[in-house]
2 protein chains.
Amino acid sequence: MASNKELVEQKAIFAAYLKKKKLKITRQRQVILENFLKTEGHLSTEELYQQVRQKDRTIGYATVSRTMKALTDAGLAREIDLGDSRSRFEPLYKRPHHHHIICVECQKAIEFLSPELEQLQEQVVSRYRFQPVRHHFQVFGVCEDCQEHRPAKHEDFDSDLVFARDALRIALQTEKNGVNFYQSLAKAATDARGRNAFLEMAAEEEKHLRELEGEWETLVKRNKRVLKAPVFLHFDYNELNRLFPSPEELQKRHLERLSLEEALHLALSMEQGAHRFFKRYAEKFNDTRGKGIFLKFAEEELEHCELIQQECDRLLGSSTPLPQSQEPEIGSETTA
Amino acid sequence: MASNKELVEQKAIFAAYLKKKKLKITRQRQVILENFLKTEGHLSTEELYQQVRQKDRTIGYATVSRTMKALTDAGLAREIDLGDSRSRFEPLYKRPHHHHIICVECQKAIEFLSPELEQLQEQVVSRYRFQPVRHHFQVFGVCEDCQEHRPAKHEDFDSDLVFARDALRIALQTEKNGVNFYQSLAKAATDARGRNAFLEMAAEEEKHLRELEGEWETLVKRNKRVLKAPVFLHFDYNELNRLFPSPEELQKRHLERLSLEEALHLALSMEQGAHRFFKRYAEKFNDTRGKGIFLKFAEEELEHCELIQQECDRLLGSSTPLPQSQEPEIGSETTA
DNA sequence: ATCTGTGCAAAATGTTTGCACCACA
DNA sequence: TGTGGTGCAAACATTTTGCACAGAT
């Protein structure tokens with residue numbers, strides 16, 4: 001369900017590719033591209049062939065096959081392997097790299113995205129000094145419907161909305177943790193000035209939370225069905241507990257009682273951690289639609305850093321400059 | 001390079017499988033199984049066919065193909081996909097589930113194991129309520145040799161030794177971190193009794209470290225070439241910083257100054273964390289050769305827990321029982 | 001006008017199957 | 001002695017290619 005604008009953009013990319021390669025824009029190639037993009041899915045050559053045949057009885061299998069090769073070469077399609085030993089293709093334009101979980105009974109394939117996995121891939125290629133070309137993770141299993149012998153319902157969802165939904169969920173949870181975190185700090189603060197500062201921060205996070213809840217409402221109102229789509233963006237919510245420790249976690253780490261300076265210091269390093277985390281997270285999306293969402297999110301964490309920095313200046317005096325967020329951080333390379 | 005004992009075991013498994021299915025043990029099936037196991041690799045049907053043909057000119061391609069199906073069904077082989085659209089097989093018996101990084105130029109495939117990835121798979125199937133069947137992660141790229149246009153050298157290593165090497169490296173690093181950690185705690189301890197207790201713990205870890213270094217020497221002496229094998233067990237050494245925080249990390253977490261009770265409490269929770277971590281880690285290996293190594297390792301961490309518990313009793317009196325390690329812990333499920 | 005694209009059919013590639021003999025148990 | 005096994009060749013499934021004609025720039 002790509003927007004019309006994107007269809008035009010992709011046609012232009014294909015045209016440019018053909019021109020560069022001194023190839024021709026033909027009716028067949030147009031029809032094939034349009035049909036391929038129209039169907040968000042994992043079309044095999046045969047399926048696509050049958051589909052374009054509806055539009056134009058004369059188009060041959062070979063042409064479909066050759067055109068898909070060209071589209072792949074042009075960067076508009078990706079050939080994927082769903083384990084049924086036939087070539088399948090999916091649209092690539094402005095879509096993040098993702099993986100598939102495939103039902104071995106009904107062949108349904110669910111897409112999911114995992115920045116964690118992208119990171120693992122980076123570690124692996126760097127460790128073995130490979131120049132990366134491509135990678136994929138596939139999980140095969142029996143889907144819920146097939147386990148219960150229900151007919152498999154195949155629903156198509158707008159992938160942009162699903163992505164936005166998942167990102168928003170992460171954002172909401174982050175803000176909730178933030179509120180909790182600052183309320184805990186306020187409790188832990190041993191003096192009144194600190195308490196107030198942290199309550200303010202908690203209020204700030206709560207304001208964000210309300211805004212996000214508004215966005216959530218809008219999203220859901222726009223498309224109720226989106227709630228039924230399977231999770232696309234795979235996120236380990238435990239990660240958040242590392243960014244903003246829960247009250248229990250704080251206790252476990254012996255941070256129930258903090259001086260003003262310690263508490264501010266802790267808050268700053270948490271916000272810096274969150275900023276870095278979401279910035280890196282965003283980077284995993286390359287030039288795809290999801291990137292902006294998380295960059296904005298990282299930006300907000302940065303604003304929090306500044307707020308805290310201001311509190312520090314106000315409460316501690318500029319005499320005690322807190323350490324700046326320093327890149328590079330703990331790093332991704334090993335010490336073997 | 002499987003041991004003779006394992007060859008016999010696998011033959012027995014195949015025999016039992018054939019018996020159960022009322023199939024017959026034939027000369028061809030024996031030859032094919034032996035050749036398949038003899039070659040630790042990723043044989044295609046064609047390659048294996050050529051190989052058994054050396055032994056017995058009359059064996060047909062179809063028989064090889066059918067036998068590999070049977071071996072797969074019997075659980076002795078796994079069919080893998082190295083992206084060249086032909087069936088390839090690898091031995092499965094007592095080998096942990098692993099993944100492949102494949103050179104698109106010379107087709108060389110390096111195996112690597114990542115418990116982290118196994119965990120991700122578990123999260124994914126549970127999230128989508130799939131009944132898991134199989135999963136694999138493949139990374140394609142250009143290997144170092146091909147990047148520099150060197151002839152690809154194909155070396156075979158004893159997979160057991162390589163696994164042991166990698167496990168030992170992790171263990172060594174863990175103990176090193178442990179020594180550091182206890183030395184830091186000793187410094188941070190505000191009273192002399194605590195300081196001594198932690199120096200003792202540090203010495204304990206150091207003793208382990210020496211033992212492990214001994215094991216390392218033995219391993220390397222037994223087979224020097226093993227050091228040249230690519231990393232098999234992929235481990236994120238940053239993980240260790242989470243188990244036993246480095247001095248910098250301790251400082252960052254505002255734990256430079258601890259009362260005896262706090263310090264003991266911290267040490268106990270770190271050791272518990274390490275125990276749990278390695279126990280879970282070991283579980284990812286199912287019934288494979290690597291499992292034992294990490295279980296033993298987890299066991300040692302548990303002994304540390306008990307040592308610390310004793311210190312607590314001795315120094316704090318049994319009046320302050322510290323919290324027990326509680327399963328279930330922070331858990332793997334999300335809070336979306 | 002030229003040079004690439006196309007459809008068709010044939011080839012190529014890899015795996016599976018049918019069937020008449022073969023050989024374990 | 002009989003059931004399942006084997007090799008061979010043919011069938012299958014899917015993708016790729018060769019070629020003569022069609023059509024885009």
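Every chain is numbered from 1 and lettered A, B, ... according to where its sequence line falls, protein lines coming before strand lines.
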Is it true that the side chains of [X] and [Y] contain a donor and an acceptor less than 3.5 Å apart?
X	Y	answer
H42(B)	H100(B)	yes
E46(B)	Q50(B)	yes
Y93(A)	E9(A)	yes
D56(A)	T58(A)	yes

* Should the heavy atoms of other residues, nucleotides or ligands under 6.0 Å from CZ of R150(B) be counted, would the total exceed 12? -> yes

* Asked: Is the phosphate of dT16(C), meaning OP1 or OP2, less than 4.0 Å from a side-chain N or O of K69(B)?
  -> yes

Provide, to the nearest angstrom, the distance between the [atom1] atom belonging to [X] and the [atom2] atom belonging to [N].
X	N	atom1	atom2	answer
K22(B)	dG5(D)	NZ	P	13 Å
D81(B)	dG14(C)	CG	C1'	14 Å
M68(B)	dT16(C)	CE	C1'	16 Å
L18(B)	dT3(D)	CG	P	19 Å
Y17(B)	dG4(D)	OH	P	14 Å
L71(A)	dG5(C)	CG	C1'	15 Å
K19(A)	dA24(D)	NZ	P	17 Å
L43(A)	dT15(D)	CG	P	13 Å

* **Parallel, tilted or perpendicular, as decided by the 30° and 60° cut-offs, for the rings of Y17(B) and F14(B)** => parallel

* **Whether H135(A) and H99(A) hold their rings parallel, tilted or perpendicular, with breakpoints at 30° and 60°** => tilted

Distances for protein N or O near nucleotides 23-25 of chain C N or O, under 3.5 Å:
| from | atom 1 | to | atom 2 | distance (Å) |
| --- | --- | --- | --- | --- |
| dC24(C) | O3' | I25(B) | O | 3.1 |
| dC24(C) | O2 | K24(B) | NZ | 3.4 |
| dA25(C) | OP1 | I25(B) | N | 3.1 |
| dA25(C) | OP1 | I25(B) | O | 3.4 |

* How does protein reach along nucleotides 8-14 of chain D, written 5' to 3' as B (base within reach of a heavy atom under 4.0 Å), S (only sugar-phosphate), or - (no contact)? -> B-----S

* Structure fact -> The residue among F89(B), Y61(B), F36(B) that forms ring pair (Phe, Tyr, Trp, His ring centres under 6.0 Å) with Y49(B) is Y61(B)

* Asked: If you take all heavy atoms of H97(A) and L113(A), which pair is closest and at what distance?
  -> O-CG, 3.9 Å

